[in-house]
Amino acid sequence: MLLIDVVRVSEAVTRTSARLGKIGHLAELLGRVGPDEAGIAISYLSGELPQRQVGVGWRTLEDLPQPKLAATATLTAVDTLLSKIKAVSGQGSQVARRALVAELFAGLTSQEQQFMSRLLHGELRQGALDGVMIEAVAKASGAPSGDVRRALTLRGSLPAVGAAALAGGVAALHAFRLEVGRAVSPMLAGSAPNVAAALEKAGTPAALEWKLDGVRVQAHRAGSEVKVFTRTLDDITPQVPELVEAVLAMPAEDLVLDGEVIALRPDGRPHPFQVTASRVSSKTDVARLRERTPLSVFFFDALRVDGADLLDQPYAERQEALTRLVPQGLLTPRLVSDEVTEAEQFFADVVKAGHEGLVVKSLASPYAAGRRGAGWIKVKPRHTLDLVVLAAEWGHGRRQGKLSNLHLGARDPEGGFVMLGKTFKGMTDELLAWQTERFLELAEGPTDGWTVRVRPEVVVEIAFDGVQRSPRYPGGMALRFARVLRYRPDKRVEDADTVETVRALML
Ligand SMILES: Nc1ncnc2c1ncn2[C@@H]1O[C@H](COP(=O)(O)OP(=O)(O)OP(=O)(O)O)[C@@H](O)[C@H]1O
């Protein structure tokens with residue numbers, strides 16, 4: 001298939017506002033693409049490269065070669081060149097990479113060049129499109145969309161799942177199983193404003209588990225080999241030797257466990273989140289870092305033990321498997337209770353111990369991989385949301401010349417964002433300087449000299465006192481006393497909280 005076919009469909013999808021219309025355009029193309037190129041087409045249309053990052057910056061794309069007049073580049077040819085670009089590294093790599101980038105762009109028309117530049121910069125990435133793409137794959141392959149979703153949670157890659165569905169239909173989708181060594185999208189938690197509401201949602205008795213503010217980890221073991229993945233399915237095995245050793249010491253050779261790693265101080269209280277995050281992301285000198293900032297491991301779920309998949313088993317049974325396997329000190333502290341006062345006391349204790357709050361879990365719920373399942377509900381003393389910055393206003397007075405007041409949006413699962421309020425609180429001078437620079441880079445559209453609209457790419461963690469009804473904003477609700485806690489460069493826009501999550505917090 002030619003790249004131009006994909007470019008045209010991508011443009012048609014952007015122009016169409018109706019969901020069904022978007023699905024129709026995508027399904028039509030997927031019905032035509034051959035099995036070898038289906039994965040590439042789905043990647044590009046989702047705004048991603050199969051190679052993820054290829055290391056081409058703006059500088060490399062400053063002066064592009066003359067575009068071709070006729071479109072002849074095939075998806076395969078483009079993909080092969082991108083793989084070559086990614087593979088070039090080491091001495092003199094800049095020059096070699098530039099030459100390959102020039103070769104790639106010299107084969108494209110100007111319409112394709114524009115598409116490819118935006119693709120390389122991640123500007124076409126839209127998490128909201130995932131749902132649409134799942135429906136399109138279902139439509140083009142004749143498989144139910146539920147089957148596409150399930151395979152996706154087990155494989156985590158829409159291009160791989162989509163290509164399989166298009167080639168082999170339902171049967172190919174059913175062949176996706178939990179595999180040791182291949183990361184599964186982790187189950188996520190919904191929210192409740194307090195412990196009583198969480199218990200009501202989960203159904204009693206429910207399990208109350210400490211919510212540790214560390215880094216989510218999924219550990220896989222096959223024989224003597226262990227692999228560890230993050231919430232975004234990145235392999236971090238070399239960075240977390242403590243976890244690898246803990247898993248190797250367990251009496252099962254075939255397992256997949258879910259948990260959290262966190263850096264604790266000698267007195268057992270947690271370090272600030274950044275300390276754990278930076279320890280986990282540091283790749284060099286791990287042995288020395290480990291001495292200075294050891295990681296503690298807490299497991300809270302078992303997805304597979306000795307050949308048995310537990311994903312569809314109720315929480316209570318998965319816990320039994322977990323407690324048989326994992327030493328007491330490595331289990332996340334928990335309490336099973338059906339009493340609000342007891343549960344509130346447990347919540348107060350965990351917060352006093354310096355931790356984030358609780359995750360309240362329904363004893364009957366299966367492991368809803370990749371979903372914000374109703375079976376897990378988080379409760380924190382301070383409400384926080386991960387929101388997307390939609391615009392920023394120039395400050396005045398001491399903040400003259402700085403972009404200050406942020407317009408905050410929650411993700412609409414149907415696409416786009418719903419504005420929930422503004423805040424200029426919680427910003428240090430350093431943060432103001434950083435955000436001014438960042439948002440000017442992301443500025444788009446006309447400005448009234450006051451408000452700068454920005455591409456919705458930055459996720460910020462906001463603390464607030466509650467959600468109230470408000471006719472002023474399109475979602476009919478607004479945050480009370482919103483303030484900035486920190487930016488979340490570790491989160492993608494697709495990971496930001498949705499309007500539904502916010503609605504669940506309205507009292
Ligand atoms: N006992 C626990 N059970 C489940 N998740 C836990 C637990 N303790 C800590 N966590 C962490 O909390 C997260 C669950 O909340 P959620 O699914 O909303 O993720 P999140 O968006 O990263 O939330 P937050 O920013 O509030 O940590 C998990 O991803 C995990 O990292």
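For the numbers below, each heavy atom of this structure counts, side chains included, while hydrogens, waters and symmetry mates do not. Counting starts at 1 for both ligands and their atoms, following the listed order.
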- Query: Tell me: protein heavy atom nearest atom 25 (O) of ligand 1, and distance?
  - Reply: Lys491 NZ, 3.6 Å
- Which one holds for Leu188 and ligand 1: side chain close, backbone close, both close, or neither close, with close meaning a heavy atom under 4.0 Å? both
- Got an N/O contact under 3.5 Å between Arg231 and ligand 1? yes
- Message: Is the shortest side-chain heavy-atom distance between Met477 and Val502 below 4.5 Å?
- Response: yes
- Query: Closest non-hydrogen protein atom to atom 11 (C) of ligand 1, residue and atom name please, with distance?
  - Reply: Glu260 OE1, 3.4 Å
- Nearest to atom 29 (O) of ligand 1, what protein heavy atom do you find, and at what distance? Arg216 NH1, 2.9 Å
- What part of Lys211 sits under 4.0 Å from ligand 1 if we count only heavy atoms: the side chain, the backbone, both or neither? both
- Among Arg372, Lys361, Arg488, which one has a heavy atom closest to atom 3 (N) of ligand 1? Lys361
- Query: Does Glu437 CD have over 12 foreign heavy atoms under 6.0 Å away?
  - Reply: no
- Exactly one of Asp412, Leu408, Val493 clears side chain to side chain contact (heavy atoms under 4.5 Å, CB included) with Phe417, and that residue is Val493
- Please report which non-hydrogen protein atom sits nearest to atom 23 (O) of ligand 1, along with the residue it belongs to and the distance in Å to one decimal place. Lys378 NZ, 3.1 Å
- Heavy-atom contacts under 4.0 Å between Trp210 and ligand 1: side chain, backbone, both, or neither? backbone
- Query: Side chains of Gln435 and Lys402: closer than 4.5 Å at any heavy-atom pair?
  - Reply: no
- Message: Would Phe300 count as being in polar contact with ligand 1, using the rule that some N or O on each side must be under 3.5 angstrom apart?
- Response: no
- Message: Check for me whether Phe298 has a heavy atom closer than 4.0 Å to any atom of ligand 1.
- Response: no
- Output yes when the distance from some N or O of ligand 1 to some N or O of Asp213 is under 3.5 Å, and no in every other case. no
- Query: Is it true that Trp210 and Phe298 have ring centroids separated by less than 6.0 Å?
  - Reply: no
- Message: Looking only at protein heavy atoms, which one is nearest to atom 17 (O) of ligand 1, and what is the separation?
- Response: Ala189 N, 2.8 Å
- For the side chain of Ser362 and the backbone of Ala364, is there at least one donor-acceptor N/O pair under 3.5 Å apart? yes
- Note on the structure: Looking only at protein heavy atoms, what sits closest to atom 8 (N) of ligand 1 is Leu212 N, 3.2 Å
- Query: Nearest to atom 26 (O) of ligand 1 by heavy atom, Lys380, Arg334, His383, Arg371: which?
  - Reply: Lys380
- Query: When only distance counts, is Thr332 in polar contact with ligand 1, meaning an N/O pair under 3.5 Å?
  - Reply: no
- Query: Is there a donor-acceptor pair closer than 3.5 Å between any side-chain N or O of Thr293 and the backbone N or O of Arg290?
  - Reply: no
- With a 4.5 Å heavy-atom cut-off, do Leu310 and Arg304 have their side chains touching? no
- Task: Evaluate the side-chain proximity of Glu457 to Glu441: yes if any heavy-atom separation is below 4.5 Å, no if none is.
- Result: no
- Task: Could you tell me which non-hydrogen atom of Ala443 sits nearest to which non-hydrogen atom of Val452, and how far apart they are?
- Result: CB-CG1, 3.7 Å
- Message: I need the atoms of ligand 1 closer than 4.0 Å to a non-hydrogen atom of Trp376, numbered in the order shown.
- Response: 4 (C)
- Can you find a heavy atom in the side chain of Phe299 that is under 4.5 Å from one in the side chain of Leu243? yes
